[in-house]
Amino acid sequence: MPFSTSTPAQPEQVSQPVRIPLPTAAQQLVLDRIEQQRERLRARRAAHDRPLAVAESHAGAGADESLVLRTAWFVREHPWAVAAMVLLAAVAGPRRLVRWAGVLLPVLVRLKR
C-alpha cells in the first residue's frame, strides 16, 4: 500500500504555543556569559578573516606591482620561509648558488613571458 499524504489517521490536535519561563538570576548569569563568549568568538573570527580578505584583494593587484614590492610583501608575510631560504643559501655556498642561478634564471625568464 503506497504512502498517502492526504489525511492522517487521527485528527490533528491544535498545539498551544510553548511558554518559556523567565530565567532565574543564576541562569541569567550563565546566559550572559554565553553571550559574551559568542561575542568574543565573533570578534576573533572577524579579526582572523580581515587579513585573509586583505591578502585576497592584494593578490589580485600583485601583477601590477614591481618585483621589489612583491618581494617585500612576501618577506613580511612569510618570514620563516625567507629565513629557511637564506639558511639554505648559506649552507650551499656561493659556487652552488651561481651554478643554480645559471640554470634557474633562464627558466624563470621563459616562464615570465
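At least one side-chain heavy atom of Q28 sits under 4.5 Å from a side-chain heavy atom of D32.
Qualifying side-chain contact (heavy atoms from CB on, under 4.5 Å) partners for L41, counting only residues two or more places apart in sequence or in other chains: Q37, R44, R45. R42 pairs by the salt bridge (Lys or Arg N to Asp or Glu O under 4.0 Å) definition with E35, E39, not counting sequence neighbours.
One finds the OG1 atom of T24 at 8.5 Å from the CG atom of L29 (value rounded to the nearest 0.5 Å).
Of all heavy-atom pairs between A101 and P106, the closest is O-CD, 4.0 Å.
Screening R70, H78, R76 for a side-chain contact (heavy atoms from CB on, under 4.5 Å) with F74, the sole residue that qualifies is H78.
Note on W73 and V75: same hydrophobic cluster, where clusters join Ile, Leu, Val, Met, Phe, Trp and Tyr whose side-chain heavy atoms are under 4.5 Å apart, directly or indirectly.
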